[in-house]
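Keep in mind that the numbers below use all heavy atoms, side chains included, and drop hydrogens, waters and symmetry copies. Chain identifiers are assigned alphabetically (A, B, ...) following the order of the sequence lines, protein sequences preceding nucleic acid strands; residue numbering begins at 1 within each chain.
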2 protein chains.
Amino acid sequence: MGITERKEREKAEMRRRIVDAAIDMFVAEGYEKVSIRNIADKIEYSPATIYLYYKDKDELLYDVQAEAFGKLAAYFKAKVTAADVLERLEQLALAYFDFSQEYQELYDLMFIIKAPMNTVEEDEEWKNGLEAFSYLRDIMTECVEKKLVRFPDPMTATLSIWAFIHGFISLNLRCRIKIAQLDVLALPAFVRSCVKHYVETIKA
Amino acid sequence: MGITERKEREKAEMRRRIVDAAIDMFVAEGYEKVSIRNIADKIEYSPATIYLYYKDKDELLYDVQAEAFGKLAAYFKAKVTAADVLERLEQLALAYFDFSQEYQELYDLMFIIKAPMNTVEEDEEWKNGLEAFSYLRDIMTECVEKKLVRFPDPMTATLSIWAFIHGFISLNLRCRIKIAQLDVLALPAFVRSCVKHYVETIKA
DNA sequence: GGAATAAATAAACACCGTTCATTATCTTTG
DNA sequence: CAAAGATAATGAACGGTGTTTATTTATTCC
């Protein structure tokens with residue numbers, strides 16, 4: 001009985017088509033400008049069809065997020081190569097920043113926009129970011145345990161550095177940093193230097 | 001000829017009514033759930049009337065932001081009372097955090113949502129946040145000049161501490177911090193302690 | 001008081017996410 | 001193989017959004 005298997009496969013393929021189209025459009029135009037109708041147009045199906053595979057837009061976004069977090073984890077895997085844990089920390093911090101610059105719209109829907117965390121609230125899992133988060137947490141835990149950084153505990157360390165970098169990125173993506181009247185072209189380099197400086201600062 | 005003056009006054013009063021209603025509703029329900037039609041209902045005018053006083057929703061939001069930044073500046077004025085500049089720094093950092101917790105929806109539209117920064121992009125001013133920003137910048141400048149903190153320059157100092165606190169706040173408001181699986185009830189206290197720890201860390 | 005001006009609105013436009021009754025396609029059974 | 005049943009896809013609609021326009025209502029000026 002290969003039929004039910006084929007149906008499963010076709011269902012999965014359709015979800016793939018939808019997610020792929022969605023990601024492409026999100027990357028190109030940003031979350032807010034992409035509608036279910038647009039996505040349906042792109043894959044040449046009716047809008048209603050999408051609702052046969054996703055119960056609502058949030059559920060679709062959840063899959064898109066998962067994909068994006070996969071990208072981030074791959075980014076880490078490629079760029080965090082050092083053996084020394086302090087070097088790994090700096091590589092990780094800069095890789096995170098670089099990712100946010102290369103995939104601004106993905107970063108937006110991973111870390112800034114409200115949706116789909118409403119849906120996730122009940123799940124209490126939010127498994128999506130876990131791999132990427134673990135990358136940072138493991139490094140920080142090792143740093144704290146070896147007393148290489150000036151933090152009281154691993155959780156404070158992990159969230160502090162995450163918050164620091166995310167703070168810069170999101171203030172920048174949302175144009176709030178504009179108030180500092182810095183040269184816009186020099187901004188990425190400036191932020192990068194701030195991140196580097198922070199990593200230096202926290203070393204014991 | 002008091003007529004033109006009265007007309008001006010009436011126009012200003014109408015804008016006040018609109019902004020006041022908008023703020024109330026934003027605070028109560030959040031930016032995304034408030035529509036022009038809702039606001040029009042509240043002030044008992046037709047939706048189209050609002051467009052006689054604001055060219056679009058972004059322009060209205062700009063005024064709402066101005067109001068919110070006024071609130072923040074007042075918050076600073078009330079809470080940053082110390083004479084010692086390092087104490088002022090800690091007071092300011094905690095006041096900023098407390099403001100974000102007391103007025104979550106305002107913080108959202110001041111620092112996180114995309115609108116109305118699209119509109120502002122041309123202005124290049126974004127005067128709204130300047131008073132609040134200056135508060136921080138002045139303190140950090142003094143700290144750097146007196147070599148009380150470990151930053152290479154005032155701008156790095158100012159943006160670093162802002163990014164750090166904003167990072168925590170926005171990760172929390174957007175539920176991304178959930179991935180750390182901390183106790184939700186203990187979170188505000190935890191974040192507060194992280195902020196305090198950071199302020200200690202940067203001291204020379 | 002009547003013409004000119006200004007203010008307010010109802011109705012419409014073009015979108016949006018989502019639902020539902022209907023149609024088309026495929027699978028199973030007699 | 002054809003008919004019946006299940007599944008997939010859709011067109012049309014619902015109630016919502018921000019915004020525009022033609023029309024009506026109110027005010028000012030002569």
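- Atom-to-atom, CD of B:Glu44 to C1' of C:dA8 comes out at 14 Å; the value is rounded to the nearest Å.
- In this structure, A:Phe111 has its ring center under 6.0 Å from that of A:Tyr96.
- Distance, B:Ile50 CD1 to C:dT9 C1': 13 Å, rounded to whole Å.
- A side-chain N or O of A:Ser35 and one of A:Asn38 form a donor-acceptor pair less than 3.5 Å apart.
- Ring geometry, B:Phe99 versus B:Tyr75: the interplanar angle exceeds 60°, so the pair is classed perpendicular (tilted spans 30 to 60°).
- Take A:Phe133 and apply the ring pair (Phe, Tyr, Trp, His ring centres under 6.0 Å) test, not counting sequence neighbours, and it matches A:Trp162.
- Checked against the 6.0 Å centroid criterion, the rings of B:Phe168 and B:Tyr198 do not qualify as a close aromatic pair.
- Rounded to an integer number of Å, the gap from CD of B:Glu8 to C1' of C:dA6 is 14 Å.
- With rounding to whole Å, A:Ile18 atom CD1 is found 13 Å from D:dA8 atom P.
- If you check every strand for non-hydrogen atoms under 4.0 Å, B:Tyr53 touches sugar and phosphate atoms only.
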Given B:Arg16 and B:Glu13, is the salt bridge (Lys or Arg N to Asp or Glu O under 4.0 Å) satisfied, shown in steps? CA-CA 5 Å; B:Arg16 260 260 74 80; B:Glu13 281 168 7; over 6 Å; no

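- Rounded to whole angstrom, the span from the NZ atom of A:Lys11 across to the P atom of C:dC26 amounts to 16 Å.
- Atom pair A:Tyr54:OH and C:dT19:P shows a separation of 17 Å (rounding to whole Å applied).
- Whole-Å rounding puts the A:Glu32 CD to C:dC15 P distance at 17 Å.
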Between protein and nucleotides 15-20 of chain D, map the contacts as a letter string: B base, S sugar-phosphate only, - none, heavy atoms under 4.0 Å, written 5' to 3'. --BBBB

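- Rounded to whole Å, the distance from OH on A:Tyr45 to P on C:dT25 is 12 Å.
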